[in-house]
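Just the heavy atoms: all of them, side chains too, but no hydrogens, waters or symmetry mates, feed the values below. By convention in this document, chain letters (A, B, ...) are assigned in the order of the sequence lines, proteins followed by strands, and residues within each chain are numbered from 1.
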Amino acid sequence: MSDAESTAGNDFVRQIIRADLEAGKNDGRVHTRFPPEPNGYLHIGHAKAICLNFGAARDFQGLCNLRFDDTNPAKEETEYVEAIQEDIRWLGWDWEDRLYFASDYFPQLWEWAIHLVKKGKAYVDSLTSEEIREYRGSLTEPGRESPYRNRSVDENLGLLEQMKNGELEEGACVLRAKVDMTHANVLMRDPAMYRVKKETHHRTGTTWNVYPMYDFAHGLSDSIEGITHSLCSLEFENHRPLYDWFNENCPIPSVPRQYEFARLSLEYTIVSKRKLIRLVDEGHVDGWDDPRMPTIRGLRRRGYTPAALRNFCEKVGVARNISRTEMALLESCVREDLNRVALRVMGVLDPIKLVIENWPEGQVEELDAINNPEDESAGSRKIPFSGELWIERADFMEDPPRKYFRLGPDREVRLRWGYFVTCTGFDKDDAGTVTCIRCTYDPETLGGNAPDGRKVKGTIHWVSVAHALDAEVRLYDLLFTKADPEEGGDFVQNLNPDSLKAITCAKVEPSLAAAAADIPYQFERTGYFCLDSKESADGSLVFNRTVGLRDSWAKAKKKQGGQQKKKERRPPPPRPS
RNA sequence: UACCCCGUGGUGUAAUUGGCAACACAGCUGGUUUUGAUCCAGCUAUUCCUGGUUCAAGUCCAGGCGGGGUAGCCA
């Protein structure tokens, strides 16, 4: 991509970084971090954050850390820690040796908590959680100070020690920052810093009975790591004053700054961990890696490539506007990458037999086929051709409409890489369904050109019946029927019942016996596919359609159909009698 | 009803910070093509509204209107 032409790379975050660099801030350092909580799998919204953090660091010769924000042992698991790392690496990013955990900083954080208590900036509150809520006031009314707000430093320290040692029960008390109970920003009304939780932590085990809250831990963790630009989504905007407050009131090694950007929102899907969990738990999808899921693993299994996802993240941009991106952009990104790299093969999804009546009995020819017209180095392969072929049912019409370029009675088309064939007839069953198409071929047209220079309008794909491999092909549609799945209340009600269509009788060319999950294919004229990593076993092929090819014929047909309907609806013109 | 944030083509982002509204996607036309793919060319905007400052406003100011966030011992 030519940087000069692109609007990417000049988002507001990078503009801030550029300005900071010019002003000589942070000794010229740029250091970001991606801070996932290990309580679920990563989705495409995370991909945007990952590409922003790692990408901005890369653009300015900076560094980006991976830090697990594991401050809540009740929700977090090691399984996710592994999966998240795998997904980020697959996406193509590298944190080198800078893998951190907020839990690594528990001792330091505790020290700073004590520091704040000693400075009279924090206190142990013994109000219940309900009382705290009442005392907090409302959005329009100021809060009231807790009766425990002015406990002595020594009393606070003693209580703190008891909290830490597990001598106090969960909910009995909480450590709060002493900020301002009348602050217009509710988050500043003495926010909780530590709560008692007698929970086993995935890394620190039972060492701690108290765990820090996000607001207290996050900015200080950023400081410990020397983060310069702490990027997060817009919902943390109101937290920024608190972020700064903790950093201003603790003896920290460096001063990070928080900047918020709008999280990714995509039409016809949901990008929220909580909601994705529901889809999995309630069995609406196959799991976190269901190819319909907008998770990194789902997209990967579907056949999306890291390059496509990175490109998408670049193209959606980074801003503070709340927006919803069209699926078409994601699809165009994956088509762009797959067009470059996918191996072309032939596969027939809805097979109908084509018999070449003048083909020499029993003869099989090996035809040359180019593997990728976009990449000469991909070479070519041989495909077996014979007198009985499978072709696509949609490539034949008994009574073709105008501008239909494919097969019909007496029509001639090219068989890809093969010969011209002319339809001489067809068979039907009792139900009127076409069961077989009869043709003759022109032996002079091997390779697809006629020596007499005559042209055909259409080229269709095929697979030799005797050599075809059986395959299951899974076609995916949008997971939801509404651009905004929340429309009308519960998103589950807007699930698309037709989001998965499995075709079990597809026929594919024999070279696909060597298919592997990480090789992208283009089934010519139908779409991009990849072998399903989970469902395919030896001798059984299951392909996922990553995305269809653009199809201007389908579009034209649809348009024509619309016009047809309009015409039908129009009342007939009055006849002169 | 308190505080904060955001309004630029159908969609998403730009506009060198006050100087001819650009790029991508989508859509529509047409061309090339042994994939109706790819590729190529062309077309598609009173910058939410009203007023103000200025030679000049998407950009600055004032007032509206609209959308969003915030009252977890979640992150």
Side-chain angles (χ1 to χ4, degrees), chain A residues 1-2 5-11 15 35-37 39 69-72 74-76 125 128-129 132-134 136-143 170-176 183-189 191-197 211 213-215 217-218 232 234-241 260 262 267 273-274 314-333 335-336 339-340 344 346 370 373-374 403-406 414-418 447-449 455-461 522-527 548-557:
Chain A
M1 164 175 305
S2 67
E5 297 287 331
S6 171
T7 63
N10 201 30
D11 54 77
Q15 285 180 28
E37 183 187 10
N39 68 344
D69 220 335
D70 54 352
T71 56
N72 188 348
K75 299 165 61 181
E76 296 147 6
D125 197 347
T128 65
S129 57
I132 287 184
R133 192 182 341 113
E134 285 163 26
R136 187 153 35 223
S138 74
L139 294 178
T140 50
E141 297 158 318
E170 289 189 20
C173 58
V174 67
L175 180 69
R176 301 178 72 179
H183 205 289
N185 182 341
V186 186
L187 287 165
M188 296 295 272
R189 322 238 258 232
M193 293 165 56
Y194 269 95
R195 74 285 213 190
V196 177
K197 256 187 201 296
Y211 292 93
M213 300 288 292
Y214 167 87
D215 284 309
H218 199 88
C232 61
L234 239 31
E235 71 253 48
F236 290 101
E237 198 177 332
N238 294 340
H239 295 243
R240 196 183 338 129
E260 312 85 20
E267 285 186 349
K273 237 190 274 182
R274 211 193 81 245
E314 193 170 305
K315 280 183 174 166
V316 291
V318 182
R320 291 172 64 84
N321 298 338
I322 293 167
S323 58
R324 197 188 299 272
T325 300
E326 291 177 340
M327 260 307 170
L329 184 64
L330 216 209
E331 293 185 343
S332 102
C333 287
R335 284 196 191 103
E336 185 186 325
N339 176 52
R340 223 166 44 211
R344 271 59 171 178
M346 291 198 285
I370 291 168
E374 306 287 323
K403 287 200 192 164
Y404 182 81
F405 303 155
R406 286 111 93 152
R414 173 168 36 232
L415 293 172
R416 181 76 156 152
W417 309 120
N449 287 303
K455 303 285 182 196
V456 287
K457 289 286 268 187
T459 301
I460 65 173
H461 60 279
Q522 183 196 104
F523 288 11
E524 292 206 49
R525 303 210 304 131
T526 85
L549 251 33
R550 275 182 41 203
D551 188 350
S552 57
W553 169 242
K555 213 178 278 174
K557 240 180 2 187

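- You'll find that the side chain of A:Q15 is closest to B:U17, out of B:U1, B:U17, B:U35.
- Checked against B:C73, B:G69, B:U8, the side chain of A:N321 finds its nearest nucleotide in B:U8.
- Evaluation of atom-type donor-acceptor distances gives no pair under 3.5 Å for the side chain of A:E237 against the base of B:U70.
- Closest to the side chain of A:T140, from the set B:G12, B:A2, B:G36, is B:A2.
- Using a distance-only test at 3.5 Å, with no hydrogens or angles considered, no donor-acceptor pair links the side chain of A:R344 to the main chain of A:E524.
- For the pair A:R416 CZ and B:A37 P, the interatomic distance rounds to 13 Å; values are reported in whole Å.
- You won't find any donor-acceptor pair under 3.5 Å spanning the side chain of A:R525 and the base of B:G36, going by distance alone.
- Taking only distance into account, the side chain of A:H183 never meets the base of B:A2 through a donor-acceptor pair shorter than 3.5 Å.
- When all heavy atoms of A:K273 and A:E37 are compared, the pair lying nearest together is NZ-O, 3.3 Å.
- Lacking a ring centre under 5.5 Å from that of the base six-membered ring together with a plane angle below 30°, A:Y214 does not count as stacked on B:A75.
- At the heavy-atom level, A:V318 lies under 4.0 Å from the strands shown only through sugar-phosphate atoms.
- Remark on RNA chain B: of its neighbouring residues A:R136 and A:I322, the 5'-side contact belongs to A:I322, judged by nearest-heavy-atom nucleotide.
- A donor and an acceptor atom sit less than 3.5 Å apart, one in the side chain of A:R344 and one in the base of B:U35.
- Each of A:G171 and A:A554 was matched to the nucleotide of RNA chain B holding its nearest heavy atom; the match closer to the 5' end belongs to A:A554.
- Closest to the A:R195 side chain, of the nucleotides B:G10, B:C74, B:U38, is B:C74.
- Pair assignment for B:C55: B:G19, on the basis of Watson-Crick or G-U wobble contacts that are both within less than 3.5 Å.
- A:W553 approaches A:R406 most closely through the heavy-atom pair CD1-NH1, 3.2 Å.
- Side chain of A:S552, nearest nucleotide from B:A37, B:C73, B:C25: B:A37.
- Nearest to the side chain of A:E326, among B:U8, B:U35, B:C25, sits B:C25.
- The residue A:K403 sits close to a base: some heavy atom pair falls under 4.0 Å.
- Taking atom CG of A:N10 as the reference point, atom P of B:U17 lies 11 Å away to the nearest angstrom.
- Counting any heavy atom pair closer than 4.0 Å across all strands shown, A:R414 reaches a base atom.
- Comparing B:G36, B:U35, B:A15 by their closest approach to the side chain of A:L549 singles out B:U35.
- Nucleic acid contact class of A:Y404 (heavy atoms, under 4.0 Å, all strands): base.
- When the nucleotides B:U38, B:G36, B:U35 are ranked by their closest atom to the side chain of A:Q522, B:U35 comes out on top.
- Formation of a donor-acceptor pair under 3.5 Å by the A:N185 side chain with backbone atoms of A:N238 is found in this model.
- Counting non-hydrogen atoms under 4.0 angstrom, A:E37 reaches the backbone sugars and phosphates but no base.
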